[in-house]
Amino acid sequence: MPWFAVMVSCLIALGSVSVSPNAWAESAGQADLDEALRMRVTVEGLPDLSQVIDRLQLSLDKGLEVEEAELAEQMISDALMERASALMQVVNSNSIGDDRIKQILRLIISDLRRVLAYDNPPPEANLMLGRLMALPGGDPHESRRLLGKYLETADINDAQRAEAYFLRGQVQTDEEKALADFDEAIKLDPENENYGLLRIVFLRNRQKFDEALAAVNEILEDTPEHANALILQGELFRQLDKPDQAIESFDEATKIAPQSPGPYQNRGEIYREQKDYAKAIDEFTKVLELQPGIVMPLVHRAEAYLNNGQLEEALADADAVLASEQVEPIHRVAAHRLRGEALAQLNRLDEAIEEIEQLSRTVPNQPELKMQLALYYLVAKQPQKAISAYDDVLLMDPENALALRSRGDANLNIGNHAEAIEDFEKALKVDPEDAALLNNLAWVLATSPEAEVRNGDRAVELATKACELTEYQMPHILSTLAAAFAESGNFDTAVEWSQKAVNMHDPENDEQLAKELASYQKKQPWRERQNIADNNDQSNPKSTPEESGAQSIDF
C-alpha cells in the first residue's frame with residue numbers, strides 16, 4: 001500500500017481523523033471510499049481484499065474529486081497486485097484441480113491488466129503478466145512486449161532482470177535473439193543453474209543435439225555430480241541414438257539422486273526399445289515405487305508385461321490405468337488397446353473384440369483401432385467383419401498399404417479373388433518391397449481357379465522378388481514361386497522349388513507342401529480357393545495373423 005493510503009488508513013483506525021459524510025459532500029462516491037479505507041485496515045484474506053476492491057471501484061463509478069480518485073485508483077492497484085500475488089501462490093501450490101486453476105489464472109490476468117491500465121503501474125505487473133503470457137496457451141507476442149517494458153525499468157536488481165531476460169528468451173521467435181536473452185540471464189545471475197539447463201533444453205527442442213550436448217558437458221566438467229545435468233545428458237544421448245552412453249549417464253544420476261524417478265523412467269524406455277522387457281519392467285516398477293499411481297509408467301509396464309508374456313500382469317496394469325481419475329485420453333486409449341491384446345493372447349478373443357469394439361465407438365476415426373479390431377476378426381474367422389473394418393480404415397486413409405493388403409487377404413479367405421487382386425495391386429503401388437504382399441498376390445495369380453485373373457509370368461516375377469527379399473529362406477514363399485512356374489507351364493522348375501520348400505520342413509504346412517509337390521510332379525498346376533464362412537475353423541495357409549495386420553501399440 002502506498003504511503004498516503006497507509007497514513008490515511010492508520011489515522012482512521014486510531015480515530016485521529018474523522019471522516020464524515022459532509023466532509024466531501026460534493027463527491028457521490030466519497031462514502032464508499034471512506035468505507036473502503038476502514039475495510040482496508042482490517043483485511044484478513046482474499047475475500048476481504050476482494051470486497052475492498054469492489055468498494056473502491058464503486059466509489060470511482062459513483063464519482064470522486066481528482067485527489068480522492070487518485071487515492072482510490074492507487075489503492076485498487078495495490079489491492080489488485082496483492083490479490084494477484086496471493087492467487088499465484090495458490091496456483092503454485094498445486095492444491096486444486098485443473099479447472100479451478102484455469103479460473104484463477106483468468107482472474108490473475110484480469111487483475112494485472114487492470115493494474116496496467118492505471119497511470120504509473122508497478123513494474124512487477126509487467127513481469128507477472130509477461131510470465132503468465134509465456135505459459136503454453138498464452139500470448140508470446142504480448143509476453144515479449146511486457147517483459148521488454150519491464151526490462152526498461154532502471155531500479156530492478158540483477159536477479160529480477162535475469163528472470164525477465166530468460167522468460168523473454170523462451171518466447172522469442174528468432175533463435176539468435178532467444179539465445180542472446182538466455183546468455184544475458186546467465187551472465188546476470190550465474191548462480192541460478194536452471195538458466196543454463198533450460199538453455200540446453202531450448203537447443204534440444206530445436207534439434208541442436210550436438211550443441212546441447214557440448215553445453216551440458218561443460219556444466220559436468222565444472223560439476224561432475226550434477227544430477228539434473230546428467231539426466232539431461234542421458235536424454236540427449238538417447239536422441240542421438242546412443243543408448244549405452246545414455247544408460248551410463250542415467251546410472252550416474254541415480255547414484256547421486258537415487259530418489260529421482262527420471263533416470264529409472266528413461267532406462268525403462270531404452271530397455272523397452274531394445275526389447276529387453278524384463279529389465280524394462282524392473283525400471284518402471286521402481287518409478288511406480290517412487291511415484292505410486294503415476295499413469296505413464298503404468299502404461300509402459302503393461303506393454304512390457306504384454307511383450308514379456310506376463311499377460312495377467314499386463315491386464316492388471318491396464319486396469320489400474322483405467323481406474324485412475326487423472327488419466328489422459330492418449331493413455332486411456334493405450335490401456336484399452338493393451339487390455340484387448342492381452343485378452344486376445346489369453347485366447348479370450350470374444351472379450352478382446354468387445355473391448356476394442358467399445359473403444360472404437362468411443363474414439364471414432366482412429367485407423368489403428370480399426371486395424372486391431374480387423375485383426376481380431378480375422379483370427380476369430382470373421383472375414384466379412386474384418387473387411388468392413390478395413391473399409392473404415394481405407395475411408396480415413398486410402399493409401400494405407402497394410403489395410404489394403406489385409407483386406408486383400410480377407411477377400412482371399414472368402415474366395416473373392418478379383419477383389420483381393422485389386423487390393424494387392426493398390427497396396428503394391430504404396431509398398432513395393434513388402435514380401436508378404438508380393439507373395440500373396442503371386443499366389444492368387446498362380447493358383448486361382450478363375451482363368452481370367454491368373455497370370456503366370458507376373459506371378460513368377462512377383463514371387464521371385466519376394467524370395468529375394470526373404471533370402472529364399474521362407475518355405476511358403478518358395479512354394480508360391482513353384483506354383484507360379486507351374487502356372488507358366490515350367491513344371492521342372494516348379495518341382496525344383498517345391499522340393500526345396502518341402503525340404504525346409506515347415507511343420508504347420510508340410511502336408512500342404514507335399515500335396516503341391518505331388519501335383520507338379522504330375523505336371524498339374526495347383527488350384528486353390530479359400531471359402532471361409534464366419535467362425536469356420538479353416539485358415540489361410542499363405543497368410544499368418546502377424547502378416548495380416550498385427551499392429552504395435554504406440555503411446
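Under the 3.5 Å distance criterion, with hydrogens and angles disregarded, no donor-acceptor pair is assigned to the side chains of E368 and Q372. Neither side chain, H336 nor Q358, offers a donor N or O lying under 3.5 Å from an acceptor on the other. Under 3.5 Å, the side chains of Q239 and E235 contain no donor-acceptor pair of N or O atoms. A donor-acceptor pair shorter than 3.5 Å can be found between the side chains of N308 and Q310. For the residue pair R267/T254, the side-chain donor-acceptor check at 3.5 Å is satisfied. At a cut-off of 3.5 Å, with distance as the only test, no side-chain donor of R106 or Q103 sits close to an acceptor on the other residue. In the model, Y377 has a side-chain atom that pairs as donor or acceptor with a side-chain atom of E357 under 3.5 Å. With hydrogens and angles left out, the side-chain atoms of T480 and N439 include a donor and acceptor closer than 3.5 Å.
Classification of D492 and K523 as a salt-bridged pair holds, one side-chain N sitting under 4.0 Å from a carboxylate O. Using a cut-off of 4.0 Å between Lys/Arg side-chain N and Asp/Glu carboxylate O, D434 and R405 are scored as salt-bridged. Of the charged side-chain nitrogens involved, at least one lies within less than 4.0 Å of a carboxylate oxygen, so that E289 and K286 count as a salt-bridged pair. Salt bridge annotation for K429-E425: absent, with no cationic side-chain nitrogen under 4.0 angstrom from a carboxylate oxygen. Here K279 does not pair with E283 in a salt bridge; the nearest charged N to carboxylate O distance is not below 4.0 Å. A salt bridge links R527 with E487: at least one charged nitrogen is closer than 4.0 Å to a carboxylate oxygen. One finds no salt bridge joining E211 and R204 here, because no Lys/Arg side-chain nitrogen approaches an Asp/Glu carboxylate oxygen to under 4.0 Å. A salt bridge links E450 with R529: at least one charged nitrogen is closer than 4.0 Å to a carboxylate oxygen. Comment: E419 does not engage R407 in a salt bridge, judged by the lack of any side-chain N to carboxylate O separation of less than 4.0 angstrom.
A cation-pi geometry, defined here as NZ or CZ lying under 6.0 Å from the six-membered ring centre and within 45° of its normal, holds between R206 and F202.
Taking the six-membered ring wherever Trp is involved, the centroid distance between the rings of W497 and Y472 falls below 6.0 Å.
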